[in-house]
Amino acid sequence: MYSDARSCDPDSSSHQSAGLTHAFKEEVQAFLSESLTEPLREAGRKTTGLKSDPAACKIWREALAQKGWVAPDWPTAHGGAGWTPEQRLYFETACAANDAPILMSSGVRTIGPLIIAHGNDEQKTHYLPAILNGQHEWCQGFSEPQAGSDLPALALRATRDGDEFILNGTKLWTSFAQAATHMFLLARSNPESRGRDGLVFLLVEMSRPGIKVSPIKCLDGSHEVSEVFFDNVRTPVSDRIGEIDEGWAVAGQLMQIA
């Protein structure tokens, strides 16, 4: 959840911006002093990848949730703190300086804001509370064996069958897929299309039959990334953001948010 800014001073002049009151900074420092136990700080210091130890993350998320600070920049109407960018930067820098655990952040940082901005009311009601309470953990399914940085070359097929899409193909280098309950992904909804055309942006439950996650062992022995296989996976057409065949535009909106 927090940027890697452990060498920064949260009280430096670069962070003295409009919206940062003395009371706010005191509240942040008091919360961190009280909530960050030595075991949590140790877990933060030992983090070498994108997420800290799961047990420490659970405790830290619960502390943030009790304070209402799990989603600093979400609107208060959706359970967020409603902070300004300056407040969020101060908090993240203070967390890093105090060795706070790093949480898996795709739900809060990426797909949550997209659902708030472009999802329908049913999606907001279903997904947002589950992201906040940690029930849903998300991973991003963009890269494929033949489409790494060249996303328009992706080939995962989303074949429509009534009210469902049938997914077939593979996603690669998916961070924390083995721990995720959901994936947001791009798939090719028009088999005749090429490049950026004919894509759909889908929200997919990882528990659906036909999904297989195969962790990839990294050089340091970790398994933070995985290959994910889709074999005739059925998922509702309604579980999409934006219109069918216009998924590239939605992905662009996601990148602007993130």
Side-chain angles (χ1 to χ4, degrees), residues 1-4 47 49-52 54 57 61 70-71 73-74 102-119 123-124 126-128 130-132 134-158 165 167-189 195-196 199-208 210-216 218 222-230 233 235-236 239-242 246-258:
M1 177 177 286
Y2 313 109
S3 57
D4 187 7
T47 304
L50 300 175
K51 181 182 179 181
S52 299
C57 286
R61 173 183 279 278
V70 170
D73 59 342
W74 285 23
I102 299 175
L103 303 182
M104 187 170 174
S105 61
S106 289
V108 169
R109 280 285 184 87
T110 309
I111 194 62
L114 184 73
I115 292 172
I116 290 172
H118 301 288
Q123 290 167 340
K124 292 174 184 177
H126 177 69
Y127 290 116
L128 297 181
I131 291 173
L132 287 177
Q135 181 182 352
H136 289 179
E137 293 278 13
W138 289 79
C139 60
Q140 174 179 292
F142 283 178
S143 296
E144 298 184 6
Q146 74 289 343
S149 59
D150 184 21
L151 285 181
L154 62 83
L156 177 75
R157 294 294 179 91
F165 282 118
L167 305 179
N168 281 284
T170 305
K171 293 296 181 182
L172 189 60
W173 308 120
T174 305
S175 297
F176 297 110
Q178 72 274 21
T181 60
H182 292 71
M183 176 189 288
F184 57 92
L185 60 81
L186 281 173
R188 193 159 295 282
S189 48
R196 302 179 180 184
L199 304 176
V200 63
F201 191 103
L202 293 174
L203 311 175
V204 180
E205 297 177 7
M206 294 294 285
S207 61
R208 292 195 172 276
I211 295 180
K212 178 183 177 183
V213 178
S214 180
I216 299 171
C218 299
S222 66
H223 295 84
E224 287 194 348
V225 296
S226 296
E227 190 169 16
V228 184
F229 302 93
F230 296 80
V233 176
T235 193
D239 283 351
R240 71 181 191 279
I241 303 290
E246 297 181 9
W248 184 260
V250 179
Q253 294 163 345
L254 179 85
M255 296 307 177
Q256 291 177 10
I257 292 172

Which atoms form the tightest heavy-atom contact between Trp138 and Gly107, and what is the distance? CD1-CA, 3.9 Å

Contacts of Asp239 that satisfy side-chain hydrogen bond (donor to acceptor under 3.5 Å, both in side chains) - sequence neighbours left out: none

Test side-chain contact (heavy atoms from CB on, under 4.5 Å) on Leu185 and Val228; report intermediate values, then the result. CA-CA 11 Å; Leu185 60 81; Val228 184; over 6 Å; no

Heavy-atom side-chain contact between Ile102 and Lys51 under 4.5 Å: no

side-chain hydrogen bond (donor to acceptor under 3.5 Å, both in side chains) filter on Gln135, not counting sequence neighbours, yields none

So CZ of Phe201 and CD1 of Ile111: to nearest 0.5 Å the spacing works out to 4.0 Å

Of all residues at least two apart in sequence or in a different chain, which pass the side-chain contact (heavy atoms from CB on, under 4.5 Å) check with Leu132? Val70, Ala71, Trp74

Residue pair Phe184 / Val250, side-chain heavy-atom distance below 4.5 Å: no

Grab the two heavy atoms, one from Gly134 and one from Arg61, that are nearest each other, plus how far apart they are. N-NH1, 3.6 Å

Which atoms form the tightest heavy-atom contact between Leu128 and Gly112, and what is the distance? CD2-O, 3.8 Å

Any side-chain heavy-atom pair from Leu114 and Gln253 closer than 4.5 angstrom? yes

My understanding is that only residues two or more places apart in sequence, or in another chain, count here; which of them pass side-chain contact (heavy atoms from CB on, under 4.5 Å) with Ala179? none

Kindly indicate, with the supporting measurements, whether the criterion side-chain contact (heavy atoms from CB on, under 4.5 Å) is fulfilled by His126 and His136. CA-CA 10 Å; His126 177 69; His136 289 179; 4.1 Å; yes

Sequence neighbours left out, what pairs pass side chain to side chain donor-acceptor pair (under 3.5 Å) with at least one residue falling in residues 172-183? Gln178-Ser226

With sequence neighbours left out, what residues match Leu172 under side-chain contact (heavy atoms from CB on, under 4.5 Å)? Pro145, Ile216, Glu227

Please walk me through it: do Lys124 and Ile115 pass side-chain contact (heavy atoms from CB on, under 4.5 Å)? CA-CA 6 Å; Lys124 292 174 184 177; Ile115 292 172; 3.9 Å; yes

Return the minimal non-hydrogen interatomic distance between Cys57 and Ser52, and the atom names on each side. SG-O, 3.5 Å

Compare all side-chain heavy atoms of Ile211 with those of Val204 and state whether any distance is below 4.5 angstrom. yes

In Å and rounded to the nearest 0.5 Å, what is the CG to CZ distance from Leu186 to Phe142? 4.5 Å

Can you find a pair of side-chain heavy atoms, one from Leu103 and one from Val108, that are under 4.5 Å apart? no

Is the side chain of Lys171 donor-acceptor paired with the backbone N or O of Gln140 at a distance under 3.5 Å, no angle test? no

Given side chains that start at C-beta, do those of Phe230 and Met183 come closer than 4.5 Å, heavy atoms only? yes

Is there a side-chain contact between Leu254 and Ile241, using heavy atoms and a 4.5 Å cut-off? no

